[in-house]
Every structure is written in C-alpha cells, then in structure tokens.
Amino acid sequence: MNDPCANFKNLIPRSLMGETNGAEEKALESHLPDCPPCAAYREQILQTLQQLQSMNDVAVPRHFFLYPQANRTSVTNLFSRLSPAWKATLAACMTMILLLTGFLADRVRWDFNEGVLALSFGPSTTPGVHASYPVDAQAFKAELVQLVEGKLRQEHLRWIQAIREDLSEFSAALTEEQQGMLQARLQRSEAQVDQQMAVTQTMLQEQTDRSLKNLYAILRAERQRDLSVLTDRLDRMAEHGTARENEIDNVLATLIELAELRN
Amino acid sequence: MPRRNMEETLQQAFLGNRALGAESPERSQETAWVLASQRGDSLAFNRLVLKWEKSIYNLALRMLQNTDEASEATQDVFLSAYQNIRRFRLDAQFSTWLYRIAANHCISMLRRRPPGVHYSLDDHREDNAVAQGLIQRQSHEEEVMLQESRHRVRQALEHLNPNQKAIVELKFFQELTFEQIAVITETPLSTIKSRFYASLEQLRVRLGSEKR
C-alpha cells in the first residue's frame, strides 16, 4: 500500500534545507495542516537540526602554524614535485651514471704490495689469474746460490787474472837471474803445497776409515746384543712350551690312570 | 525560484557567491597569500592557517570525536596543503581545496580505526568544557541541558559512516552547498544529496529514540 505522504516526507527535510522550489513549497504548506503525522515528522526534523546547531565551533587549543624547519624541502619531496617528464629524464640520467660507473669500476685495477696501494686503469696486460701459484722455494734457492757462486767465481777469476798480470809485469821487470830464482822458489812452494795436500788427504782418508770401522763395530755390537736378547726370549719360550707340554702329559697320564681305575 | 543550470551552479560552487569577473577584497587578499605561499613564503601561508584553522579543527573534531586526533589531523592537513600549494589552481576556491584535503584525511583516519571502536569527547568532560569556551553566562540548568544535547548529538554522529560524517559536517557545520561538497568529495551531486538526507533521517531516529 503506497504511503500518500511518502512524497511529502521527502520534501520536508529538503524544504527545511532550502532545497525546494516554489511549487513544492506551496504543496507542502497546503498538506501539513491536514496531516498530523507529516506535521510531527517536520517537527522532529526541525528539532534534529536545532540539536545539530547546538554543536558550536570550539576555539582551537593552539595555533597550527608551520615553521621553516617543519617544511624543509627534502630530496624526495623535490623529486615528487617534478613533472613526469622531468622524473623520467632524471631517472634515465641516474641510470646512465650508474652504468658508466660500473663500466669504469670494471677497468680499474687495485694492487696492494708491501704497504703501497697502486691504481691502474685499462685492460689487464697479463692474462689469466693473478699469481698465487706456489713458488718452488728449493729451486729458487738453488738458482740464487748458483747465481751467487757464479758471480763470486767471476770475481775471483778477475782477481787472479789481475794478480797474474801484476806478477807478469813484475817478472818482466826482473833480470833473468831474479826470474830464475823466483821460478825456483815458486816451484818449491808448489811442491810443498802439493806435499802438504797429499798428507792432508792421507790423514783424512785414515780418519774416515777409522770412523767407518768404529761405526761398523758399534752397529755389529748392537746387532749381536739384539740377537742375544732375541735368542734368550726364544729359549724362554721354548722352556715354557716344554713345561706346558710336560704339564699336559701329566694331566693326560692322570686322566688315563683315572680311567683305568674306573674300569 | 527557477532551477539554475548545472554549469552556472558549478561555477558558483567554485567561485563562491560573487558576481562573475569581480573579486571581494577578502578573496583577493586570500589569493595574494596563496600566490606568496606558492613562492615559498611560509609567513603568508600561516596567515591562511590563521584564517582557516578553526574551521578545519572543528571539522576534524566533529568527525573524529577526539581532541588529540583532531589536533594531529589539523596539523597534517595544513602541512599537506603547504607541501602541495604549488598544485593549487587559482581559478578554484582555496577553502574548497582545503576542505577536500581535510575531509579525505579525516575519512582515512576513521577507516583506519578498528571496527566497533567509538570515541567520544564526553570521555574528557572537563577538557571538553574548557575547550567549548563557554563565554555566554547561562543558568546552570540551561548549561546542563545544552551539555546533554551535545552529548546526544555526538553519540548520534558517531554512528554515521565516514562518508556520511563528512557530508553532514561540510553541509551543516561548514555551510557549503551540495555542489561544493560534490566537488570536494569527488562524488556525484545526486549521491551527495541522497547520503545527506539519509544521514539526517538516521540522526532523527537516533536523537528521537534517545530523547524518549
């Protein structure tokens, strides 16, 4: 059942809010005196609006001013204020800078050696991995020793050559007699040196032989000692074995006797 | 009174009740402050704050029903307005733009609240009485009746949804037109009107039943 007052109930709040036109106002004015429910409804809406009006504005508890520190522009704020075109341009520039930095970083070489940091730029000239392979210390040492010995030998040869040259100059200044005497004296010195060297060699040989003999004797004695110990042990084991055998024989004999007695 | 066409209505909503081509001294002063604020003049912006802070604060207070949240929301609204002042077009009304920021902010805060939680300014009766700033000398009985009336209204408003609260606040307390509210909330005009009258009906029912 349609409510005949439904339209007027829609008009009443609009009328109170000033939203109706002249014709609607007139229709409402003529309906309300004859319709107590609509009049009561209007009264309720009016009271509602009056109660809403009791909600006065209150004073602010404080002012809401902005201070320069509160609105300092941040980088993100600046970026957010840019137009899309500028944002895209800035993003592309940053991307290119990052790519370039990465490319350059790849071509930079760092070397830290004995407390010194060295930077170099460009492609690597030595292919492969930076050397961390193990160094043959013994071969390196031998090589060094060889080099040093070679150098010393060369120096000694130069020194001997120089002495010979001096001697030859000296001997050239001497007379024939003096040269003969010098030659004889040198020969005697050489013979003495050779003799001394022979004696020394013999002594060394004898000492070596004696040392070897002593060493052999010591080794032999130790071996004999070990052999005797081993022999003693074996003898004891044999005795022990014999004793066990005797015991076993005795036990068997006893068992046999017992068996015979039982029979 | 004949109905105005939509174009003229919207123009009036944007430009206010002024003749086309003419600007009131107050409006021109506000425009000057806005221009200065767009150039970074914080002092000019604070003049705008001084002019509108009471309206925005009371809007937030009635919607949020909490003095602390209302203060926080008001400060956030003005901060947001200052940060985005360069985007404001001078052919629009500053108040409309500001109300939009405020309404959206309060609606967001209301939606973030846990469901079923209701706030009430009556929880701090003493603070409320001070904040009310009752200047007029009233009899004790009238004062009590007034307080009771406000209490009932607050309770009834609390049961509206955030969109309804915003529309009632802007229409009844800020005295904006439906067209302005439609622009602020970016909602069709017919939707705004139907929501407002539905809210009024809810308030009538709730206030009528509480009175009994």
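None of these values were measured; they are calculated from a predicted model. Order of the sequence lines fixes the chain letters, A, B, ..., with proteins taken first and strands second; residue numbering starts at 1 for each chain.
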Flag the pair [X] / [Y] as yes when at least one side-chain heavy-atom distance between them is below 4.5 Å, and no otherwise.
| X | Y | value |
| --- | --- | --- |
| B:L207 | A:Q44 | no |
| B:E169 | A:M55 | no |
| B:L200 | A:P13 | yes |

* To do: Could you check which of A:L49, A:T48, A:L52 has the highest count of heavy-atom pairs closer than 4.5 Å to chain B?
  => A:L52
Between [atom1] on residue [X] and [atom2] on residue [Y], distance to nearest 0.5 Å:
| X | Y | atom1 | atom2 | result |
| --- | --- | --- | --- | --- |
| A:E19 | B:F196 | CD | CZ | 8.5 Å |
| A:R62 | B:Y57 | CZ | OH | 9.5 Å |
| B:F78 | A:L66 | CZ | CG | 8.5 Å |
| B:L43 | A:Y67 | CG | OH | 11.5 Å |

* Please step through side-chain contact (heavy atoms from CB on, under 4.5 Å) for the pair A:R14 and B:K193, ending with a clear verdict. => CA-CA 9 Å; A:R14 286 174 55 204; B:K193 287 184 178 179; over 6 Å; no
* To do: Please assess B:K54 against A:V58 for the test side-chain contact (heavy atoms from CB on, under 4.5 Å), listing each intermediate value before the final yes or no.
  => CA-CA 8 Å; B:K54 188 176 181 183; A:V58 300; over 6 Å; no
* Counting only N and O atoms by type, is there a donor-acceptor contact under 3.5 Å from the side chain of B:E53 to the main-chain atoms of A:F64? -> yes
* Taking atom CD of B:E175 as the centre, report whether more than 12 heavy atoms of other residues, nucleotides or ligands fall under 6.0 Å from it. => no
* **Polar contact flag, side-chain donor to acceptor under 3.5 angstrom, A:Q51-B:R204** => no
* Listed by chain and number, what are the side-chain hydrogen bond (donor to acceptor under 3.5 Å, both in side chains) partners of B:Y197, not counting sequence neighbours? -> none
* Heavy-atom distances under 4.5 Å only: say whether A:Q50 touches chain B with side chain, backbone, both or neither. => neither
* Asked: Would A:D57 and B:R62 count as a side-chain contact (heavy atoms from CB on, under 4.5 Å) if you check the C-alpha gap in whole Å, the side-chain angles of each, and the deciding distance to 0.1 Å?
  -> CA-CA 9 Å; A:D57 277 359; B:R62 278 188 285 263; 2.9 Å; yes
* Structure fact -> Okay, B:L50 and chain A: the region with an atom under 4.5 Å from a heavy atom over there is both
* Output all residues satisfying side-chain contact (heavy atoms from CB on, under 4.5 Å) with A:R236, sequence neighbours left out; order by chain, then residue number. => A:D232, A:R233
